[in-house]
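Here's the structure, in structure tokens; my notes come after.
Order of the sequence lines sets the chain letters (A, B, ...), proteins ahead of strands, with each chain counted from 1. Quantities reported herein were computed from a predicted structural model and do not represent experimental measurements.
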2 protein chains.
Amino acid sequence: MSGPRFEPVRTVRAYERIVEQVEEAIESGALSPGQRLPSERDLMGQFSVSRSTVREALRVLQARGLVRSRPGDPNGAEVLPFSPDALQRSMASLARVEGLSLGELVQFRMVLDGSANLLAARLRTPGQLAEMEAAIERMREAVTRGYDEFSAADLAFHDAVARASGNKLIQICVEVVRSIVLGLVADRLADAPDREALMRRSIRHHEEVLAAVRDGDGPLAARLARRTMYDYYAGYVPAAERPALRALLDQPHSAPE
Amino acid sequence: MSGPRFEPVRTVRAYERIVEQVEEAIESGALSPGQRLPSERDLMGQFSVSRSTVREALRVLQARGLVRSRPGDPNGAEVLPFSPDALQRSMASLARVEGLSLGELVQFRMVLDGSANLLAARLRTPGQLAEMEAAIERMREAVTRGYDEFSAADLAFHDAVARASGNKLIQICVEVVRSIVLGLVADRLADAPDREALMRRSIRHHEEVLAAVRDGDGPLAARLARRTMYDYYAGYVPAAERPALRALLDQPHSAPE
DNA sequence: CTAGTGCACTGGTCGGACCAGTAGGCTACG
DNA sequence: CGTAGCCTACTGGTCCGACCAGTGCACTAG
């Protein structure tokens with residue numbers, strides 16, 4: 001019945017072929033971070049295309065966060081180590097275009113941070129515990145030194161937990177979503193009149209989370225982490241969205257809701 | 001002590017300004033999906049730059065998944081609806097460059113899918129329940145019709161759950177990570193000798209999950225969903241990584257480990 | 001009224017040109 | 001002899017003008 005199976009032909013542009021080749025070289029490790037690509041003028045020779053085409057390919061690679069070029073650099077473009085920048089931009093763009101609400105973002109952080117704590121409670125090393133303690137100590141000192149420093153210390157704590165979870169994907173997503181959420185509410189947090197009280201309460205909550213992680217009680221750590229997140233951000237989430245957040249708080253089976 | 005606070009100056013390239021303007025127009029809604037940008041030759045007039053510069057900007061926008069251009073199209077580039085393609089590519093690239101293991105990916109899916117079910121159990125509408133049932137029915141029919149169809153029905157189920165969670169971010173991440181995982185193991189799943197038995201067991205598990213979602217028992221649905229995922233993929237995860245996955249399975253507080 | 005043809009556009013690619021940067025070698029001065 | 005400063009040969013960023021292969025639409029010939 002059916003003759004030979006024909007595949008749809010997609011016209012492939014020259015610059016795409018270049019992107020593919022360079023991408024492959026980077027992801028396979030043939031090109032490692034810090035190394036330099038040949039100059040654009042060299043590349044046009046190697047690929048037998050014009051410089052415009054080479055440049056369009058480099059623009060794409062740069063947009064994907066794989067290389068960076070700098071005018072005047074006697075070497076060519078630099079191969080970058082992976083950075084979640086591209087991931088973060090996609091998500092931030094997603095947040096705006098799709099109209100992601102603050103509630104959804106916070107909810108997502110509750111999920112990720114809870115899971116990170118659950119795993120960290122079982123897998124953390126003594127060194128990582130020390131990092132978490134140090135981060136909380138920095139938070140204490142930062143109470144009198146302004147919101148920026150407090151936020152940085154808070155980041156250090158959550159990052160230590162995420163690393164202790166042993167899952168790089170969780171770690172990166174936590175960081176990405178965190179920065180998006182902060183971009184939405186940082187000014188309101190920094191200007192809150194009861195800022196200092198908020199910080200102190202947050203520190204207390206973090207101490208409780210840390211205690212659970214230290215005790216190896218993952219479910220407790222997860223629950224506390226979710227509640228900490230909720231308490232910290234719920235005030236900025238429209239009341240209509242809060243029930244969805246609270247759905248993540250009561251883990252026991254007989255939750256009345 | 002300190003004089004005026006100077007900000008570091010970053011030289012901004014012409015094409016970046018164009019990208020920013022178009023991006024802003026799209027994300028603010030001034031340009032909506034389906035609409036067309038002016039032609040490159042028009043744009044060079046509007047931005048007062050050369051066509052090369054316009055094209056580099058368009059390449060970046062295209063790499064970010066915001067527009068698409070087609071040779072010969074009498075209109076200009078088309079504004080695309082948001083698609084997680086860019087997000088997916090960043091994550092897939094992350095998976096390769098950072099050496100994300102299958103274990104980490106599956107673990108991440110367990111976290112997301114578990115949370116999606118937890119939320120879906122509380123928020124699902126009757127219509128969404130029907131979709132889930134229909135998806136399972138399709139899975140049953142697909143057992144005798146090949147792996148591809150089964151996988152598609154499975155996707156439909158998980159997508160229905162994710163949508164029912166009410167969190168678009170979870171929905172998108174579930175989809176993105178799922179496709180990456182499938183890219184890693186699809187061939188092994190399709191060729192498994194005990195393929196049919198695997199499918200039947202998976203269907204049974206999905207039915208249990210659905211029952212919990214229907215009953216509104218979120219924690220149970222979450223636990224079952226995580227276990228379903230574990231059972232389905234654990235065989236492909238190196239034994240050394242499995243304990244980290246199992247850490248997500250036993251939620252009871254008194255976990256002995 | 002329709003089928004076919006051409007034209008006026010589109011994006012993709014090319015080549016050449018100029019500019020403002022940068023780095024590193026070279027020179028001239030101390 | 002050492003160093004401060006210049007000079008040059010590159011880099012990437014931008015511009016220009018040109019050509020090609022597609023596409024859609026209006027116009028024309030049947």
Heavy-atom pair of closest approach, residues [X] and [Y]:
X        : Y        : result
B/Ile172 : B/Leu87  : CG2-CD2, 3.6 Å
B/Ala63  : B/Arg89  : O-NH2, 3.7 Å
A/Tyr236 : A/Leu102 : O-CD2, 3.4 Å

Send over the distance from [X] [atom1] to [N] [atom2], rounded to a whole Å.
X       : N      : atom1 : atom2 : answer
A/Arg70 : C/dG21 : CZ    : P     : 13 Å
B/Asp42 : C/dC9  : CG    : P     : 11 Å
A/Arg41 : C/dC18 : CZ    : C1'   : 10 Å
B/Glu40 : C/dT13 : CD    : C1'   : 11 Å

Practice item. Please figure out whether A/Met44 or B/Arg51 has its closest DNA chain C nucleotide nearer the 5' end. Key: B/Arg51
**Study point:** Sugar-phosphate only, base, or nothing, as touched by B/Ser39 at under 4.0 Å among non-hydrogen atoms
**Key:** sugar-phosphate
Exercise for review: Give one of base, sugar-phosphate or nothing for A/Ser52, where a contact means two heavy atoms less than 4.0 Å apart.
Suggested key: base
Review point. A/Gln88 and A/Ser179: side-chain hydrogen bond (donor to acceptor under 3.5 Å, both in side chains), yes or no, with the steps?
Key: CA-CA 9 Å; A/Gln88 181 163 336; A/Ser179 72; 2.7 Å; yes
Check your understanding: If we only count heavy atoms from C-beta on, is the B/Ser90 to A/Arg64 side-chain gap below 4.5 Å?
Key -> no
Check your understanding: chain B on DNA chain D: first and last contacting nucleotide, 5' to 3', under 4.0 Å to a heavy atom?
Key -> D/dG13 to D/dG24
Check your understanding: Between residues 58-65 of chain A and DNA chain C, which residues have a heavy-atom gap below 4.0 Å?
Key -> none
Point to revise | Side-chain ion pair, B/Arg13 and B/Glu56, N-O less than 4.0 Å | key: no
Practice item. Please check the phosphate of C/dG12 (OP1 and OP2 only) for any side-chain N or O of B/Arg55 closer than 4.0 Å. Key: yes
Study note, to complete from the structure: The ring pair (Phe, Tyr, Trp, His ring centres under 6.0 Å) partners of A/Phe157 (sequence neighbours excluded) come to A/His206
Review point. When rounded to the nearest 0.5 angstrom, what distance separates OG in B/Ser83 from CG in B/Asp85?
Key: 3.0 Å
**Study point:** Any donor-acceptor N or O pair under 3.5 Å, side chains B/Ser69, B/Glu78
**Key:** no
